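Treat the numbers as computed from the prediction; the structure is a model and nothing was measured. Residue numbering restarts at 1 for every chain, and letters A, B, ... go by the order of the sequence lines.
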Number of protein chains: 2
Amino acid sequence: MSKLSTQPYKGTRDYYPEDMRVRNWLFSTWRQVCLSFGYEEYDAPVLEPLELYTAKTSEEIVNEQTYSFTDRGDRKVVMRPEMTPSVSRMVAAKRQELAYPLRLFSIPNCFRYERPQRGRTREFWQLNADMFGVAGIEAEVEMLLLTDKLMSAFGAKRNMYEIRLNSRKLLNSQIEKASPKENASAVLRLIDKRDKMDEAAFTEALTAAVDQPTQLTAFLDAEDIGTIDDPAADGLKELLRKAENDGITNVRFVPSTARGFDYYTDIVFEVFDLNPDNNRSMFGGGRYDGLVAEFGVEPVPTLGIAPGDVTMLNFLDSWNLLPSLDAETDIYIAVVGDVAEGAQDIAQKLRLQGKNVAVDLSGRKLEKQIKTAEKKGIKQVLFVGEQELTSGQFTLKNLDDGTESSVNLDS
Amino acid sequence: MSKLSTQPYKGTRDYYPEDMRVRNWLFSTWRQVCLSFGYEEYDAPVLEPLELYTAKTSEEIVNEQTYSFTDRGDRKVVMRPEMTPSVSRMVAAKRQELAYPLRLFSIPNCFRYERPQRGRTREFWQLNADMFGVAGIEAEVEMLLLTDKLMSAFGAKRNMYEIRLNSRKLLNSQIEKASPKENASAVLRLIDKRDKMDEAAFTEALTAAVDQPTQLTAFLDAEDIGTIDDPAADGLKELLRKAENDGITNVRFVPSTARGFDYYTDIVFEVFDLNPDNNRSMFGGGRYDGLVAEFGVEPVPTLGIAPGDVTMLNFLDSWNLLPSLDAETDIYIAVVGDVAEGAQDIAQKLRLQGKNVAVDLSGRKLEKQIKTAEKKGIKQVLFVGEQELTSGQFTLKNLDDGTESSVNLDS
């Protein structure tokens with residue numbers, strides 16, 4: 001038989017214990033911050049019906065990037081490329097029973113068939129934090145406070161990143177004023193792609209798409225919201241004022257921020273890394289008041305944000321904010337001679353005291369057992385042999401400094 | 001546009017906060033027990049190449065139950081139906097670098113296209129705990145200790161379930177003695193199906209498959225390992241003796257226990273619920289010494305167990321062991337009047353003190369806000385209005401007993 005490959009599927013990764021430790025640290029920090037704001041955890045299936053995404057997710061994702069297939073029962077299914085349609089479906093299913101304001105969070109893995117590159121994998125995790133049932137700008141203010149805390153909880157300072165704000169309402173109003181020749185949403189997608197385009201190509205495309213390209217470009221290049229004379233900017237102006245009141249100094253109006261998803265209806269957010277080595281959009285969010293109603297229930301005002309694992313870890317790495325994490329095992333028992341059962345008894349006693357204890361069952365020489373403990377990053381080795389089991393006195397070696405102490409396990 | 005369905009994909013389920021709380025409790029208990037034995041957490045991608053399973057997973061699963069498809073790059077992929085091949089692949093990939101004994105655990109979601117029924121869903125979670133690098137029976141003893149602790153950690157008593165033990169080596173030896181007419185593994189699969197078959201149908205099939213069906217049936221019905229005169233039973237005899245020494249009284253030799261996977265090579269385990277209302281196999285495990293070597297590296301002796309979420313929750317439910325779990329949010333702030341920003345300031349202060357605090361941003365009447373807190377299972381409501389913000393004195397209402405107290409947030 002030909003041998004099997006040991007490589008993971010293209011664009012995905014294996015998490016060995018040292019990688020998993022980092023992931024657990026990331027996720028538990030996210031979880032703690034969300035819980036502290038009263039968000040409750042939920043989850044939805046990885047598989048969803050295809051039609052859930054054709055309605056509202058971006059065309060590019062549905063047509064080119066989904067893992068979609070037909071199951072053995074002839075149903076068209078998709079491995080979720082994002083979580084927003086699933087949580088909207090769940091809220092719609094219990095529209096009447098749920099208590100609003102409803103705050104929900106989840107850390108799902110999502111799947112997109114994209115070219116793997118820095119910041120992009122085909123399987124990735126995303127924190128989804130959403131608030132349902134609040135139409136007022138207080139909800140956006142809380143999203144900013146939550147974003148701020150989600151960053152500071154990792155040690156990020158406000159000068160390391162900025163929160164870019166814009167409004168789809170304002171963008172649509174400005175596109176309307178510039179008289180689009182085709183539908184306005186095509187112009188919106190063009191604006192969303194601007195950063196990845198050559199400026200001349202963008203100008204050419206914009207000139208083809210609207211009657212007043214110069215006017216629209218002037219808006220897109222604006223830096224001060226005060227200069228924008230449009231009632232559609234009112235909500236955004238209020239939000240910027242309130243953010244300033246709350247001391248969130250790194251919020252900035254960036255009129256070309258559009259965000260890719262079709263379902264956004266008003267304010268959109270984008271968190272941007274200011275590190276010159278990693279100058280890029282990290283994650284975003286926004287208000288999507290129309291999505292729950294797509295399921296045939298009364299509309300629910302909704303907004304949310306969705307930081308991803310890969311971009312977040314890149315950010316933390318670029319600013320040297322990744323901690324060194326200890327092994328979870330507290331004590332490694334080195335077994336001297338043929339006393340594996342006695343060693344397990346001792347381990348069981350220590351476990352009852354709340355210690356995490358691994359027993360070396362290899363039967364190898366002592367020095368090899370100690371090497372194994374070192375390799376696993378375990379700090380303490382307890383030696384257990386016939387003599388120790390009889391006397392009840394054990395030697396505990398600290399691998400950090402090499403010191404040894406004698407311990408009595410009854411105390 | 002026609003409205004979208006709010007139902008999850010067939011055979012899968014949504015986890016609303018109250019369901020998620022139970023799942024988190026289950027998983028964190030599993031995690032704590034595994035860590036206490038020195039197991040380290042890992043993860044692998046949901047998608048794996050098809051050939052990973054064609055080698056060793058059961059034929060039934062690969063041919064009839066996998067979610068397999070061809071990706072946009074023409075690769076044949078599978079949504080993992082189980083974790084064992086993935087972890088074997090990961091160990092093989094770093095065969096030389098890893099330190100043995102290697103203890104690994106993970107709580108992956110797995111996918112099988114089966115008819116949904118009690119104890120079976122198409123997406124399910126499984127704790128996978130595996131030990132690599134120990135050939136001796138001490139490894140099986142630890143697996144029994146771990147299983148015992150995985151049950152008692154939930155409050156299960158030893159009279160609620162039993163751990164059935166058998167050996168593939170012994171089964172194969174006995175099948176060999178009964179002179180199979182076709183290959184021995186077909187007889188093994190037949191034995192594995194015995195419980196689900198009519199006894200007459202089983203006898204007929206067995207008679208067609210081996211020369212000495214009576215002799216083999218006598219073995220399958222044996223209750224005392226002492227009566228089995230076969231050197232292939234030696235390991236199992238030793239394990240049963242050691243289990244008794246360790247006080248694990250609910251271990252039993254059940255010679256018809258085969259377990260479905262093709263990769264098992266020796267001792268197999270099966271945990272069986274003894275509740276008359278839920279009398280069924282809950283989960284299993286065993287030794288699979290050959291799997292890592294399938295990847296073209298030096299063999300690694302390996303064994304593991306894999307409890308599933310659905311069967312475990314059914315077990316806990318059948319024995320009334322499911323706890324009632326509190327909401328994670330400690331305090332709900334009811335906002336009196338137009339002071340949402342001031343209320344968030346107070347919430348931020350409380351969050352800094354380690355409290356989980358949600359603010360009602362709905363602008364509704366006070367009694368509706370209190371109702372919302374009750375519905376969410378939050379125990380305390382803090383009232384924040386203009387007057388409280390000025391005086392620094394707040395009223396905290398305990399929703400359990402209706403009492404109110406006055407608190408100063410500076411203290």
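- Put simply, of P17(A), A93(A), G296(A), the one with the most heavy-atom pairs under 4.5 Å next to chain B is P17(A).
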Trace of the side-chain contact (heavy atoms from CB on, under 4.5 Å) decision for T12(A) with E48(B): CA-CA 9 Å; T12(A) 69; E48(B) 289 278 8; over 6 Å; no
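- We find that E41(A) and R21(B) are not joined by a salt bridge, their nearest charged nitrogen and carboxylate oxygen being 4.0 Å or further apart.
- The nearest pair of heavy atoms linking Q348(B) to F37(A) is OE1-CZ, 3.5 Å.
- The parts of A92(A) that come within reach of chain B are both its backbone and its side chain, each placing non-hydrogen atoms under 4.5 angstrom from that chain.
- Atom CD of E244(A) has 12 or fewer neighbouring heavy atoms from other residues, nucleotides or ligands inside a 6.0 Å radius.
- Only the side chain of K375(A) comes within less than 4.5 Å of a heavy atom in chain B; its backbone stays farther off.
- The most heavy-atom pairs under 4.5 Å with chain B, out of V91(A), V141(A), V46(A), T70(A), come from V46(A).
- For P8(A) against P45(B), the heavy-atom pair with the smallest separation is CB-CG, 4.1 Å.
- Between the side chain of R72(B) and the backbone N or O of Y67(A), no donor-acceptor pair lies under 3.5 Å.
- To the nearest 0.5 Å, atom CE of residue M131(B) and atom CG of residue L361(A) are 5.5 Å apart.
- Using a 4.5 Å cut-off between heavy atoms, I331(A) makes no contact with chain B at all.
- For Q7(B), the part lying under 4.5 angstrom from a heavy atom of chain A is the backbone only.
- Sorted by first and then second residue, the pairs that involve residues 5-14 of chain B and meet salt bridge (charged side-chain N to carboxylate O under 4.0 Å, His left out), not counting sequence neighbours, are R89(A)-D14(B), R13(B)-D19(B).
- Of the possible donor and acceptor atoms, none in the side chain of Y16(B) sits under 3.5 Å from a partner among the backbone N and O of D43(A).
- With a 4.5 Å cut-off on non-hydrogen atoms, T66(A) touches chain B through its backbone and its side chain both.
- Using the six-membered ring where Trp is involved, F69(B) and F69(A) have ring planes that are parallel, under 30° apart on the 30 and 60° scheme.
- Here F295(B) contributes atom CZ and L4(A) contributes atom CG; the two are 5.0 Å apart, rounded to the nearest 0.5 Å.
- Between L145(A) and Q344(B) the shortest side-chain heavy-atom distance falls below 4.5 Å.
- Contacts between A44(B) and chain A at a heavy-atom distance below 4.5 Å involve backbone atoms as well as side-chain atoms.
- Contact annotation for V33(A): neither backbone nor side-chain heavy atoms come within less than 4.5 Å of a heavy atom of chain B.
- Looking at every heavy atom in both residues, P101(B) comes nearest to Y332(A) through CD-OH, 3.6 Å.
- If you take CG on L35(A) and CZ on R351(B), they are separated by 11.5 Å, rounding to the nearest 0.5 Å.
- Side chain of Y9(A) to main chain of V78(B): no donor-acceptor pair is present (N/O by atom type, distance under 3.5 Å, no hydrogens or angles).
- The most heavy-atom pairs under 4.5 Å with chain A, out of S36(B), G38(B), A358(B), come from S36(B).
- For residues 93-109 of chain A, the pairs satisfying side chain to side chain donor-acceptor pair (under 3.5 Å) are R80(A)-N109(A), R103(A)-E142(A), N109(A)-E123(A), with sequence neighbours left out.
- The greatest number of non-hydrogen atom pairs below 4.5 Å with chain A, out of K355(B), E341(B), R122(B), is found for E341(B).
- Residue E138(A) touches chain B through both its backbone and its side chain, counting heavy-atom pairs closer than 4.5 Å.
- Proximity to chain B (any heavy atom under 4.5 Å) is restricted, for T329(A), to the side chain, taken from C-beta onward.
- Contact tally against chain B (heavy-atom pairs below 4.5 Å) for V134(A), I378(A), L102(A), D71(A): the top residue is D71(A).
- Contacts of D246(A) with chain B are made by side-chain atoms alone, with heavy-atom separations under 4.5 Å and no backbone atom involved.
- Proximity to chain B involves both the backbone and the side chain of V357(A), based on heavy atoms less than 4.5 angstrom apart.
- Summarising the local packing, CG of N245(A) is surrounded by more than 12 heavy atoms from other residues, nucleotides or ligands at distances under 6.0 Å.
- Between the K376(A) side chain and the A99(B) main chain, a donor and an acceptor come within less than 3.5 Å of each other.
- The candidate with the highest count of non-hydrogen atom pairs below 4.5 Å against chain A, out of M79(B), K368(B), R23(B), is M79(B).
- Ranking K371(B), E328(B), K149(B), R75(B) against chain A, the residue ahead of the rest is R75(B), based on heavy-atom pairs under 4.5 Å.
- Counting heavy-atom pairs closer than 4.5 Å to chain B, the top-ranked of the candidates L350(A), D345(A), T372(A), N356(A) is N356(A).
- Contact annotation for Q65(A): only backbone heavy atoms (N, CA, C, O) come within less than 4.5 Å of a heavy atom of chain B.
- For chain B, the option among E40(A), M90(A), Q32(A), E64(A) with the highest count of heavy-atom pairs below 4.5 Å is M90(A).
- Contact annotation for V77(A): only side-chain heavy atoms (C-beta onward) come within less than 4.5 Å of a heavy atom of chain B.
- Interface remark: L104(B) contributes side-chain atoms only to the contact with chain A (heavy atom separation under 4.5 Å).
- The choice from S88(A), G73(A), G354(A) that makes the most heavy-atom pairs within less than 4.5 Å of chain B is G73(A).
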